[in-house]
Amino acid sequence: MRVTLNEFPRLIEERPELLRGCIVDTNAVFAASMPLDRLNTWAEEVFLRFRDYKVPVYSNLNIRSEFIDLHRRVLIPEGLVSLFDATDGDVSLSLELRTQLKLLKSAKKKATEAKKLFKFNDQQLKKFRRLMSVPRLDPSKPIVWESFCKDYFHSYLSRAWDSTLETYGIQFLGTREIESGEHFTKRPSWKDMTDIVGRYGIGSTDAMIVNFFLCSKFSMLVTGDEDVAYVIERLAPDSRYVLVCEDGEDTA
Amino acid sequence: MNQSEPKKEKKTPRELFEEIRRNQKPSPELIDGLKEIKRNEEQKEKDKQPESPERKIARPQTPPDLDL
């Protein structure tokens with residue numbers, strides 16, 4: 001059953017089992033950590049509200065991995081546009097790289113105007129990596145792409161997850177916690193995850209999170225992903241809650 | 001005297017993000033690499049250009065095959 005943040009105070013009085021905790025999907029954790037995300041304010045409010053009610057929030061390995069990847073897909077184009085701006089009018093950019101960066105800047109501007117967070121797909125990422133990975137005349141010098149990564153996003157990426165966990169009090173559920181049975185009724189399995197993908201056609205990462213949630217004893221999951229909300233509603237319409245953003249628009 | 005490492009200041013994700021945006025600038029090694037990519041591109045362009053007529057004239061002619 002879908003619920004919104006406004007309904008949460010009433011719901012927690014009616015269903016005290018929600019105090020056990022909830023699982024937060026990647027896009028909610030990501031949105032809370034990324035000021036440019038459309039759901040940033042909503043996600044921050046969710047975490048603050050949970051803290052007020054002392055509801056523990058949990059994440060897992062899949063969520064962490066997806067979180068890192070989302071940051072990569074956002075921070076690399078951010079950095080490239082920033083690099084373009086820093087060198088614009090300078091003679092240090094090749095014509096091809098300059099043209100591609102100009103196109104990227106324009107695409108990113110359009111996305112921002114449409115209130116969308118600009119993210120690279122794999123093809124775009126590989127294109128820029130190829131353009132900036134030319135072998136150096138002096139092999140002891142770093143590949144340009146690697147210098148770019150170092151200057152523009154490595155240090156942020158390595159700190160973003162820990163900072164997010166610490167700021168919002170997110171706890172990690174690993175193998176040990178699953179085995180202990182404290183929060184789980186059964187072990188999440190590949191077979192169940194594949195079954196979810198097969199039945200509903202959602203992505204495997206989303207299916208892993210849905211399966212993880214359904215194997216847990218938690219009654220609520222927070223998500224900004226329509227696929228995840230839909231499948232939980234289909235699989236557990238009465239027993240589980242999905243906390244979604246009021247405007248219902250998908251984030252990912 | 002024991003000198004402990006200075007503790008890294010704890011930052012929220014927002015503060016971290018703002019910090020990275022503020023401090024983002026290309027390092028000298030990145031600029032150096034970008035310049036090299038540009039020089040490579042220019043060299044490739046030069047290599048692609050057809051020879052000028054003057055150079056063709058200046059080049060020593062190979063003797064024509066003698067048809068004996």
Side-chain angles (χ1 to χ4, degrees), chain A residues 29-37 40 43-44 71 74-75 78-79 81-87 90-98 101 131-138 141-168, chain B:
Chain A
V29 187
F30 175 77
S33 75
M34 172 55 69
L36 303 178
D37 194 278
N40 176 254
E44 281 183 333
H71 273 281
V74 171
L75 290 173
E78 272 287 315
V81 170
S82 176
L83 173 66
F84 177 70
D85 288 339
T87 54
D90 198 319
V91 287
S92 58
L93 291 180
S94 69
L95 184 64
E96 194 181 7
L97 185 57
R98 190 182 160 81
L101 286 174
L131 284 173
M132 296 167 76
S133 294
V134 181
R136 304 296 305 264
L137 285 174
D138 175 355
K141 287 186 173 176
I143 297 288
V144 178
W145 176 253
E146 291 169 23
S147 298
F148 162 75
C149 290
K150 185 179 159 201
D151 290 353
Y152 282 85
F153 94 113
H154 182 204
S155 76
Y156 175 79
L157 194 69
S158 59
R159 292 151 73 192
W161 174 255
D162 286 341
S163 160
T164 306
L165 248 58
E166 204 165 288
T167 303
Y168 300 112
Chain B
M1 195 175 113
N2 269 344
Q3 273 199 329
S4 57
E5 257 188 64
K7 254 192 173 180
K8 257 195 180 176
E9 198 189 334
K10 284 176 187 172
K11 289 196 165 81
T12 65
R14 183 179 293 277
E15 288 166 343
L16 257 185
F17 187 75
E18 280 161 8
E19 180 195 274
I20 193 175
R21 276 194 139 184
R22 221 176 19 250
N23 298 334
Q24 268 181 343
K25 60 176 184 189
S27 59
E29 71 179 17
L30 175 55
I31 292 288
D32 178 58
L34 288 168
K35 282 181 178 168
E36 192 173 306
I37 292 178
K38 186 179 167 67
R39 282 197 300 273
N40 287 347
E41 186 187 62
E42 286 168 348
Q43 190 56 50
K44 269 186 198 163
E45 276 304 306
K46 270 187 197 164
D47 294 346
K48 260 197 262 172
Q49 278 169 10
E51 278 184 297
S52 66
E54 292 82 9
R55 262 195 81 184
K56 270 188 182 168
I57 292 164
R59 184 190 285 172
Q61 296 285 313
T62 48
D65 287 341
L66 292 174
D67 192 8
L68 296 173

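Here is the naming used below: chain letters follow the sequence lines, and residue numbers restart at 1 for every chain.
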Does some side-chain heavy atom of [Y] sit less than 4.5 Å from a side-chain heavy atom of [X]?
{"X": "B:Arg39", "Y": "B:Lys44", "answer": "no"}
{"X": "A:Phe84", "Y": "A:Leu97", "answer": "no"}
{"X": "B:Lys46", "Y": "B:Glu42", "answer": "no"}
{"X": "A:Asn40", "Y": "A:Met34", "answer": "no"}

Need one label for [X]: side chain, backbone, both or neither, based on atoms under 4.5 Å from any heavy atom in chain A.
{"X": "B:Glu15", "value": "neither"}
{"X": "B:Ile20", "value": "side chain"}
{"X": "B:Asp32", "value": "both"}

Task: Which atoms of A:Ser163 approach chain B - backbone, side chain, both or neither, heavy atom under 4.5 Å - done: both
Task: Engaged part of A:Ile143 at the chain B interface, taking heavy atoms whose separation is under 4.5 Å - done: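 Contact with chain B involves no heavy atom of A:Ile143 at all.
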Using a 3.5 Å cut-off and no angle test, enumerate the donor-acceptor pairs between side-chain atoms of residues 146-154 of chain A and protein atoms at least two apart in sequence or in another chain.
{"unit_1": "A:Asp151", "atom_1": "OD1", "unit_2": "B:Ser27", "atom_2": "OG", "d": "3.3"}
{"unit_1": "A:Asp151", "atom_1": "OD2", "unit_2": "B:Ser27", "atom_2": "N", "d": "2.8"}
{"unit_1": "A:Asp151", "atom_1": "OD2", "unit_2": "B:Ser27", "atom_2": "OG", "d": "2.6"}

Task: Among B:Glu36, B:Glu45, B:Lys25, residue most engaged with chain A (heavy-atom pairs, under 4.5 Å) - done: B:Glu36
